[in-house]
Number of protein chains: 2
Amino acid sequence: MNDNDTGKGIRTLQRSIDILECFTYEQPELTLTEISKKIELAKSTTTRLLATLEQNGLVQKDGNTLKYRLGKKLYFWGQIAEKTIEIKETAKPFMEKLRDDTRETVTLYLLEGHQRVCVQRFGSKHSVQHIVKVGEQLPLWAGAGGKAILAFQDEDFIERELTSVPGEQGEKLINELAVIRQTHSSYSFDERGIGVSGAAAPVFNVKGEVKASIGISGPSIRFTPDIVETYQEMVKDVALEVSNELGYQGKS
Amino acid sequence: MNDNDTGKGIRTLQRSIDILECFTYEQPELTLTEISKKIELAKSTTTRLLATLEQNGLVQKDGNTLKYRLGKKLYFWGQIAEKTIEIKETAKPFMEKLRDDTRETVTLYLLEGHQRVCVQRFGSKHSVQHIVKVGEQLPLWAGAGGKAILAFQDEDFIERELTSVPGEQGEKLINELAVIRQTHSSYSFDERGIGVSGAAAPVFNVKGEVKASIGISGPSIRFTPDIVETYQEMVKDVALEVSNELGYQGKS
DNA sequence: TACTTAGTTCCACTAAGTGGAACTATTGAA
DNA sequence: TTCAATAGTTCCACTTAGTGGAACTAAGTA
């Protein structure tokens, strides 16, 4: 849409990062050709970059299948980086407790640009299926967790976000955001996919800004309106506790 | 000592990786000057590389202190990479059980070049102090976990390794490795530091090679010779179970 | 006020990185 | 078995992208 990466940045490095960016949970293994097509780069160049990445353990090449995957070095760096995500560590015990109390999946979202990313997740132990994975990007305008963040951004930001919302839903969303600002909690029924519902609440930082939200989600069958109302209260309390831990002084 | 990185590799990319390599558990925050000194690179170049890294979320710059730290992107990639470390996932339940049975710290080491890296670790819940951290590099020739791996490498490899061992200890080590090859288990008393002792055993892969070991470690006061003997048996059994899961067909 | 230290910006130079072409290895269809 | 198609690797001449020094700004320090 606007600014970011385009053009700027050291080309060689940017391309290498693009390579790493190709790997996802869904596609953790890629061949040389797949990669070079994905980032539109000559195979020779791609090979060379991959070689350096491999030498340093950022990617790993399977000698038999010739497929690449992300390497151990990234895992180790990830462990170091993890420690520096403050809110994650703060929220952890609260989220775990909420999961245990409700037996439903509890998720922490962070605002990143005009999206939210799942940073931490405590799944209901029994549900094998993981709906959202750590690192996954989701929209702000759909789902309880997104709306809880969106409602507390400034006008320009929200206005811009509304442009990506399909027509008639815009009106409805505006009203909903106003309510969220009042109640400090949000909900959603089958919004981001059929059969998934949830409740969420904003996390305030020391400056009173909202850069994160905590949400409970699960199958719509279990999330009846009155249950959701209860969950809204619960998650709101938890989010406030976390906010306070982070130095937020505001009212409940 | 020998081969690896020197010279080869795309310079720009290699330098960027070197930058990321500067960050450790002990020093997770660095200033521009610290980094540029550490990797001996002009400040201007370092700045430019850091800018691209920051744009992509591989590092994060604190606006106030101007210090850099590893970014969220690395954490997310780390999560993807984690899934592909097969032995780690396989060993997990076994290691957890061993920790619960013994109440001591259980660690998984992987052979990386001529070192071992800690890949997974289940600490005895009560001991706050973490002796070894995930991603940390340790020598092969000291400590039970190292010797368990070293004993099963080929002659050339071991010979070369012995050159880094202080004088008179060499003889002793050679004999010890022979025993380890017989018993499939190793031990150590105060070897890698005063007050730390342990027992370990090799993990065999489907080809019968040893690229990993599992170890139990803790304060020497608790690790009396007969306790260690018991632990050696326990960890040997666990390592064999993991080896079997990985497709190892060999004898116990 | 002058001095030190840290980070940023600018720009001319050239070696580092590039991509196409040629080559090899592998697969599978005829 | 041969041929064609596909995937990965190697080579090399070209030039643009990346470099580092110098100049500049900002924030301490004495």
Partner residues of A/L162 under the side-chain contact (heavy atoms from CB on, under 4.5 Å) criterion, sequence neighbours left out:
A/I158, A/V165, A/L173, A/I174

Choose from C/dT8, D/dG21, D/dT19 the nucleotide whose nearest atom is closest to any side-chain atom of B/K43.
C/dT8

Could you check how far CG of B/D62 sits from P of C/dA6, rounded to whole Å?
18 Å

Nearest-nucleotide 5' precedence on DNA chain D, A/K37 against B/L49
A/K37

Rounded interatomic separation in angstrom, taking CD from A/E40 and P from C/dT18
16 Å

Nearest heavy atom decides the nucleotide; on that basis, is B/S44 or A/T31 closer to the 5' end of DNA chain D?
A/T31

Would you please indicate yes or no on a ring centroid separation below 6.0 angstrom for A/F23 and A/Y68?
no

Nearest-nucleotide check on DNA chain C, B/T47 vs A/A42; residue mapping nearer the 5' end is B/T47

Qualifying residues under side-chain hydrogen bond (donor to acceptor under 3.5 Å, both in side chains), relative to A/Q27, sequence neighbours excluded:
A/K38

Considering residues at least two apart in sequence or located in another chain, which fulfil the side-chain contact (heavy atoms from CB on, under 4.5 Å) criterion with B/A212?
B/I87, B/L108, B/L110, B/V203

Between P of D/dT19 and CG of B/L50, the distance in whole Å:
12 Å

Between P of C/dA6 and OH of B/Y68, the distance in whole Å
14 Å

Regarding the side chain of B/L41, the nearest nucleotide among C/dT8, D/dT9, D/dG20 is D/dG20

Could you run down the sub-3.5 Å N/O contacts of the protein with nucleotides 13-17 of chain C?
| unit_1 | atom_1 | unit_2 | atom_2 | d |
| --- | --- | --- | --- | --- |
| C/dG17 | OP1 | B/R11 | N | 2.7 |
| C/dG17 | OP1 | B/T12 | N | 2.7 |
| C/dG17 | OP1 | B/T12 | OG1 | 3.0 |
| C/dG17 | OP2 | B/R11 | N | 3.1 |

Mind checking what makes side-chain hydrogen bond (donor to acceptor under 3.5 Å, both in side chains) contact with B/E161, not counting sequence neighbours?
B/H114

For atom NZ of A/K61 and atom C1' of D/dA7, their distance in whole Å
11 Å

Please check this pair: side chain of B/S36 against backbone of B/K43, looking for a donor-acceptor N/O pair closer than 3.5 Å.
no

Given atom CG of B/L66 and atom P of D/dA27, what is their separation to the nearest angstrom?
10 Å

Sequence neighbours excluded, which residues qualify as side-chain hydrogen bond (donor to acceptor under 3.5 Å, both in side chains) partners of A/N205?
A/E209

